[in-house]
Amino acid sequence: MKVLVIGAGNMGLAYAKALVKSEFLSNHNLMISDTSPEKTEELKKISRFDVFTNLADCLPKADIIFIAVKPFHSDELFAELKPMMSPDQIVISIMAGVTIQSMQDGLGITKVVRAMPNLPAQVGKGLTSFTASNEVSRLELSTVENLLDTTGRSVRLDTENDIDASTGISGSGPAYVFYFMHSMMEAARKMGFSAHDSKVLVGTTFEGAVELFNKSDLSPEGWMKRVASKGGTTRAALDSMEDNNIKQLIEDAAYAAFNRAVELGKES
């Protein structure tokens, strides 16, 4: 099996590196293509990558093709790829909002997987949600899942609407966490902590809280009750968040990302 990754940006490169480390593919069965000469020169320094700037030199050889470019490049890319595509090839797209139907029409093929990864894929802690066209067989889906799992975990969803929804939760979710971390670090700095100590205080707190959550059946509400005693410091903080309607604002933010994903699909 040969895999081609088109686009060596953050997510494309994250998948390429994860596939190399996983040894899921045999030697030099991973190809990566990018239009930037500077980027391709960097990639050539990584062993087990076959690096290309011309898609005609690599696309016909691929069994599975990851498309990891910005959504607004999709029409131009599809026009270039379509004459070279084979009906047996499987396309895995990580372009936000680009629908399966638009990819089938634009590429002239039927086997399409639409996936939504997130940034922690770069450190092997990613979550990728995905769904596929009916033409992708069970065996092929198993292979796809194994490929996606090289960057962390994957979840197969039933519909593309679910993919749009997952964009608002897991896809964009790391940015919400970073936003909260940034706010806490700013508060720590104002309290007199150094930049280094602020990072340690906040980063370690998040890491520990996530570990507790993942290793327990207790809900977030249950953990909050364990931490917040009546009249205590944590209760004061949580009451402030409730008074300022923070919970609803976070839900609104997630829906804003979801709605934008739907809009992108309509635009495509």
Side-chain angles (χ1 to χ4, degrees), residues 1-22 24-25 28-119 121-122 126 128 130-133 136 140 143-148 150-151 154 163 171 264-265 268:
M1 179 178 64
K2 280 188 174 290
V3 174
L4 169 63
V5 177
I6 300 176
N10 288 334
M11 293 313 305
L13 196 53
Y15 272 103
K17 288 182 175 179
L19 288 167
V20 166
K21 289 180 181 178
S22 71
F24 187 74
L25 301 175
H28 288 289
N29 276 351
L30 176 63
M31 303 175 289
I32 188 164
S33 174
D34 197 271
T35 56
S36 166
E38 294 82 6
K39 177 69 73 173
T40 53
E41 284 304 311
E42 289 179 28
L43 294 172
K44 287 176 182 177
K45 298 174 184 177
I46 304 175
S47 62
R48 295 183 62 195
F49 279 4
D50 285 342
V51 183
F52 299 86
T53 53
N54 188 351
L55 286 168
D57 295 332
C58 54
L59 185 70
K61 304 175 185 177
D63 300 298
I64 296 179
I65 302 156
F66 278 83
I67 299 183
V69 304
K70 298 296 184 183
F72 58 84
H73 290 312
S74 61
D75 288 344
E76 179 183 354
L77 179 64
F78 292 170
E80 181 182 0
L81 297 181
K82 188 172 183 177
M84 299 183 282
M85 296 295 298
S86 164
D88 293 329
Q89 289 174 314
I90 301 171
V91 167
I92 302 174
S93 165
I94 57 176
M95 297 180 290
V98 181
T99 65
I100 288 176
Q101 186 64 59
S102 67
M103 286 184 277
Q104 289 176 322
D105 294 341
L107 294 169
I109 60 169
T110 58
K111 296 183 179 182
V112 175
V113 176
R114 182 178 166 193
M116 174 48 60
N118 61 10
L119 199 59
Q122 295 184 15
T128 302
F130 72 99
T131 192
S133 62
V136 182
E140 289 167 335
T143 300
V144 166
E145 189 169 4
N146 285 331
L147 292 173
L148 296 177
T150 61
T151 59
S154 64
I163 294 291
L264 287 170
S268 72

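Expressed to the nearest 0.5 Å, how far OG of S86 lies from CD1 of I109 amounts to 9.0 Å. Considering CG of D63 and CG of N29, their distance stands at 8.5 Å, rounded to 0.5 Å. Taken from NZ in K44 to CZ in F52, the straight-line distance is 10.0 Å, to the nearest 0.5 Å. Put simply, OG1 on T53 and NZ on K39 are 15.0 Å apart, with the number rounded to the nearest 0.5 Å. For the atom pair K111 NZ and I90 CD1, the distance stands at 5.5 Å (nearest 0.5 Å). Residue M116 holds its CE atom at 9.0 Å from CE of M11, rounded to the nearest 0.5 Å.
A heavy-atom distance below 4.5 Å is found between the side chains of L148 and Y15. Within the 4.5 Å cutoff, side-chain heavy atoms of V98 are placed close to those of M103. Looking only at side-chain heavy atoms (C-beta outward), I64 and V113 stay at 4.5 Å or farther from each other. Counting heavy atoms from C-beta on, the side chains of D50 and C58 never come closer than 4.5 Å. For the pair L81 and I67, the minimum side-chain heavy-atom distance is below 4.5 Å.
Across all non-hydrogen atoms, the minimal contact from L30 to A16 is CD2-O, 3.3 Å. Here the closest heavy-atom approach between residue M1 and residue T143 is recorded as SD-CG2, 3.6 Å. Closest approach of A56 to M84, counting heavy atoms only: CA-SD, 3.5 Å. When all heavy atoms are compared, the tightest approach of G9 to D34 is N-OD2, 4.5 Å. Shortest non-hydrogen contact noted between T40 and P37 is OG1-O, 2.8 Å. In this structure, V69 and G7 approach most closely via the heavy-atom pair CG1-CA, 4.3 Å.
For S36 and E38, the side-chain atoms include at least one donor-acceptor pair closer than 3.5 Å.
A distance-only check finds a donor-acceptor pair linking the side chain of S133 to the backbone of V112 [under 3.5 Å]. Side-chain N or O atoms of N118 include none that pairs as donor or acceptor with a backbone N or O of G126 at under 3.5 Å. At least one donor-acceptor pair closer than 3.5 Å links the side chain of Q89 to the backbone N or O of A62.
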Pair F49, L13 - check side-chain contact (heavy atoms from CB on, under 4.5 Å), show working.
CA-CA 11 Å; F49 279 4; L13 196 53; 4.1 Å; yes

side-chain contact (heavy atoms from CB on, under 4.5 Å) between L59 and M85, intermediate numbers included
CA-CA 7 Å; L59 185 70; M85 296 295 298; 3.9 Å; yes

Evaluate I94 against T128 for side-chain contact (heavy atoms from CB on, under 4.5 Å), listing each step before the verdict.
CA-CA 9 Å; I94 57 176; T128 302; 5.7 Å; no

